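Working notes for the structure below.
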Amino acid sequence: MAPMTDNMRGALFMIVSMMGFCLNDALIKTVSGDLPLFQAVFLRGVVATTLAGALALSQGALHWRIRGRDRRLIGLRSLAEIAGTACFLTALFNMPIANATAILQSVPLAVTLAAALFLGEPVGVRRYAAIAIGFVGVLIIVRPGSDGFNGYSLLVIATIIFIVVRDLSTRRLTPQIPAALVVFITSGVVTLAAGIAAFATDWRAFTVAQALILAGSGLSLTLGYVCGVRVMQVGEIGFTQPFRYTLIVWAIIAGIVLFDEWPDLWMLVGSAIVIATGLFTFYRERKLGLKRAPADPGPPAAGPQAVRDVS
């Protein structure tokens, strides 16, 4: 057998990362009928934050001194993460997991548009066209005004806005700040906020089975984090990033197996449009990146990478 290349390893890490995020969503959705939202997020977050802290400690990231500008950016990132988590999980608890995930696949398009508008990053006519078509795909999934319209879809769209704020804040962080530290702080802040909200509103007794499900959700979320970081450490970004769209495949499988949620034709058509336009933007970025790259660019700077850490 031929040895596994770095690109193949990166693709495998991306697939496993998306599986981890999807399993996290599916597991926390299974307890949505029995536990309040903030209580579920808090209990899951205790596990996820503990594991993220252990990872940061093992990498020596906890000793990093965060400067004033980075503190403000991490604070903004954490607030966006709190709002995005609340919006997405509220929607997830009230709509099919595949539909919510499909809408969320437009995040790369939204981030590309926001980076052009607010950070001055170059985006050509073709990619603007791809972004517009991708958002048409989102409208096909949401179908406002139709009999099958689910108002909670608007919360997923709000989630996308908060993810854009989070990712643009991440991009402006000092490149050398450890990714594990950013993940640990963000996870801790989200867990603390959920804990305060849970104890201030409605706290219910939970069973051992529910605790194990939420522990599994936290483990899955951490798996998504870790593999998402590993993706950025091996292989070429242009090769590995398209495998991000395997998330919708995992979501469809989880919806069918765990919730008997079968995707309809419009959801599949809209998802195909969003994925196709997303792949095109990756292709264009890779092609333009090769034209802009110097002869000897040197090693890339280490730093936090944007992974799908909402929910």
Side-chain angles (χ1 to χ4, degrees), residues 17-18 21-22 24-25 28-29 32 36-38 40-42 44-45 48-49 52 70-95 97 99-119 121 131 134-135 137-139 141-142 144 150-173 179 182-198 217 221 224-225 228 244 247-248 251 274 278 281 304-311:
S17 175
M18 295 302 102
F21 287 132
C22 180
N24 155 64
D25 292 340
I28 199 169
K29 182 177 172 69
S32 62
L37 168 65
F38 292 115
V41 173
F42 171 72
R44 181 198 67 178
T49 304
D70 285 335
R71 289 178 185 174
R72 292 189 293 272
L73 288 171
I74 290 177
L76 178 60
R77 185 184 193 278
S78 299
L79 289 175
E81 189 73 26
I82 292 171
T85 298
C87 287
F88 182 72
L89 290 183
T90 300
L92 183 67
F93 287 3
N94 293 278
M95 64 184 297
I97 185 174
N99 292 56
T101 303
I103 298 171
L104 211 61
Q105 297 311 289
S106 62
V107 164
L109 301 173
V111 171
T112 299
L113 178 61
L117 295 177
F118 300 109
L119 299 183
E121 295 194 359
I131 291 170
F135 288 140
V138 171
L139 290 176
I141 299 170
V142 175
N150 186 326
Y152 288 101
S153 300
L154 300 179
L155 284 179
V156 185
I157 295 175
T159 302
I160 294 172
I161 296 173
F162 290 120
I163 291 177
V164 168
V165 174
R166 181 203 70 192
D167 285 359
L168 293 189
S169 302
T170 303
R171 190 171 183 88
R172 297 179 68 87
L173 285 170
V182 177
V183 170
F184 170 63
I185 292 173
T186 304
S187 180
V189 170
V190 172
T191 301
L192 178 62
I196 293 173
S217 177
L221 185 61
Y225 285 156
R244 180 182 301 274
L247 178 61
I248 187 61
V274 172
T281 58
Q305 303 293 341
V307 295
R308 188 273 197 185
D309 53 359
V310 159
S311 85

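Being a predicted model, the structure only gives us computed values, none of them experimental. Values below: every heavy atom of this structure, side chains too, minus hydrogens, waters and symmetry copies.
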Point to revise | Heavy-atom closest contact (Gly45 atom, Ser187 atom, distance) | key: O-OG, 4.3 Å
Point to revise | Which atom of Asn24 lies closest to which atom of Ser217, heavy atoms considered | key: OD1-OG, 2.7 Å
Point to revise | Beyond-backbone contact of Leu155 with Met95, side-chain heavy atoms, under 4.5 angstrom | key: no
Check your understanding: Would you say the side chain of Phe184 lies within less than 4.5 Å of the side chain of Thr49, judging by non-hydrogen atoms?
Key -> yes
Revision key, fill the gap. To the nearest 0.5 Å, atom CG of Leu89 lies from atom OG of Ser32 at 9.5 Å
Revision key, fill the gap. Checking Ile196, Val190, Val189 against Leu192 for side chain to side chain contact (heavy atoms under 4.5 Å, CB included), the one that qualifies is Ile196
Check your understanding: To the nearest 0.5 Å, what is the distance between CG (Leu117) and OG1 (Thr112)?
Key -> 11.0 Å
Exercise for review: Could you tell me the separation between the CD1 atom of Ile160 and the SG atom of Cys87, rounded to the nearest 0.5 Å?
Suggested key: 11.0 Å
Review point. Out of curiosity, Leu92 CG to Thr159 OG1, how far, rounded to the nearest 0.5 Å?
Key: 10.0 Å
Check your understanding: Side chains of Leu104 and Ile163: does their closest heavy-atom pair fall under 4.5 Å?
Key -> yes
Review point. Roughly how far, to the nearest 0.5 Å, is CD1 of Ile248 from CD1 of Ile97?
Key: 9.0 Å
Study note, to complete from the structure: For Leu37 and Phe93, the nearest pair of non-hydrogen atoms, with its separation, is CD1-CE2, 3.7 Å
Check your understanding: Minimum heavy-atom separation for Phe42 to Ala194, with atom names?
Key -> N-CB, 3.8 Å
Exercise for review: Of all the heavy-atom pairs spanning Arg244 and Gln105, show the shortest one and how long it is.
Suggested key: O-OE1, 3.9 Å
Revision key, fill the gap. Tightest non-hydrogen contact, residues Tyr225 and Phe21, listed as N-CZ, 3.7 Å
Check your understanding: Name the one of Ile103, Ile141, Asn99 that satisfies side chain to side chain contact (heavy atoms under 4.5 Å, CB included) with Ser153?
Key -> Ile103
Practice item. Enter the distance from Thr101:OG1 to Phe88:CZ here, rounded to the nearest 0.5 Å. Key: 5.0 Å
